[in-house]
Amino acid sequence: AMNIIIKTERLLLRTFSEDDAELIYQLNLDPEVTRYTHDPVRDRAHAKEILESVILPQYALYNYGRWAVHVKPQLDPINTGFIGWCGLKMRPELNEIDLGYRFMKKAWGRGYATEAAAACLKYGFEHLGLDRIVGRALPDNEASLKVLKKCGMKYAGEEVVEGLLHKTYEAFNPFIP
């Protein structure tokens with residue numbers, strides 16, 4: 001059974017399981033999907049390694065992470081089932097929590113990324129009590145920057161992260177005085 005964390009109007013966000021390497025592999029096959037991410041998935045074994053060494057440990061350590069996103073059945077005949085991932089990731093080296101997302105091209109342009117990202121921010125602030133969440137994208141990744149803005153995040157400047165200049169957006173917990 002799916003371990004559902006968040007439900008939105010159109011989407012279900014669930015934890016990934018050990019059986020999901022194929023989904024991660026398929027998502028990353030499209031060069032347009034990884035065009036701005038600079039972390040191509042080489043093969044199925046690599047997808048499994050990412051799942052087991054990066055994605056799953058975050059759940060145990062922090063009680064959040066990158067979640068698999070599914071369109072609710074019957075809502076969108078083109079996008080049934082898994083369409084990508086969205087969620088929060090602790091980056092200890094930067095001492096911050098990062099909002100990230102990656103969606104299959106067939107699911108682009110329907111507002112799914114914004115819907116999922118906004119729900120993750122809300123979850124992080126309301127349920128997890130996080131005080132600040134950041135989102136970053138490369139300056140030419142207009143679609144991703146638009147998602148961060150639509151979620152109500154505020155521009156915080158440009159920073160070099162992992163050797164590349166990024167635009168950084170941030171949001172603060174409205175429930176913490």
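These numbers were taken from a predicted model, which means no experiment stands behind them.
Once rounded to the nearest 0.5 Å, the distance linking CZ of Arg102 with CD1 of Ile24 reads 9.5 Å. Rounding to the nearest 0.5 Å places CG of Leu88 at 7.0 Å from OH of Tyr64. Expressed to the nearest 0.5 Å, how far CH2 of Trp85 lies from CZ of Arg14 amounts to 14.5 Å. Atoms CG and CE, on Leu29 and Met104 in that order, are 8.5 Å from each other to the nearest 0.5 Å. One finds the CD1 atom of Ile97 at 11.5 Å from the CG atom of Leu121 (value rounded to the nearest 0.5 Å).
What you find for Ala137 and Leu145 is that their closest heavy atoms are CB-CD2, 3.7 Å. Across Tyr169 and Lys149, no two heavy atoms sit closer than the pair OH-CE, 3.0 Å.
Residues passing the side-chain hydrogen bond (donor to acceptor under 3.5 Å, both in side chains) test with Asn141: none are found, sequence neighbours excluded. By the salt bridge (charged side-chain N to carboxylate O under 4.0 Å, His left out) test, Arg136 pairs with Glu96, Glu159, sequence neighbours left out.
Counting non-hydrogen atoms of other residues, nucleotides and ligands closer than 6.0 Å to NZ of Lys72 gives a total above 12.
Glu170 and Lys154 are not joined by a salt bridge, as no carboxylate oxygen comes within less than 4.0 angstrom of a charged side-chain nitrogen.
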Under the side chain to side chain contact (heavy atoms under 4.5 Å, CB included) rule, what do Asp20 and Ser17 come out as? Steps first, then yes or no, please.
CA-CA 6 Å; Asp20 288 325; Ser17 75; 3.5 Å; yes

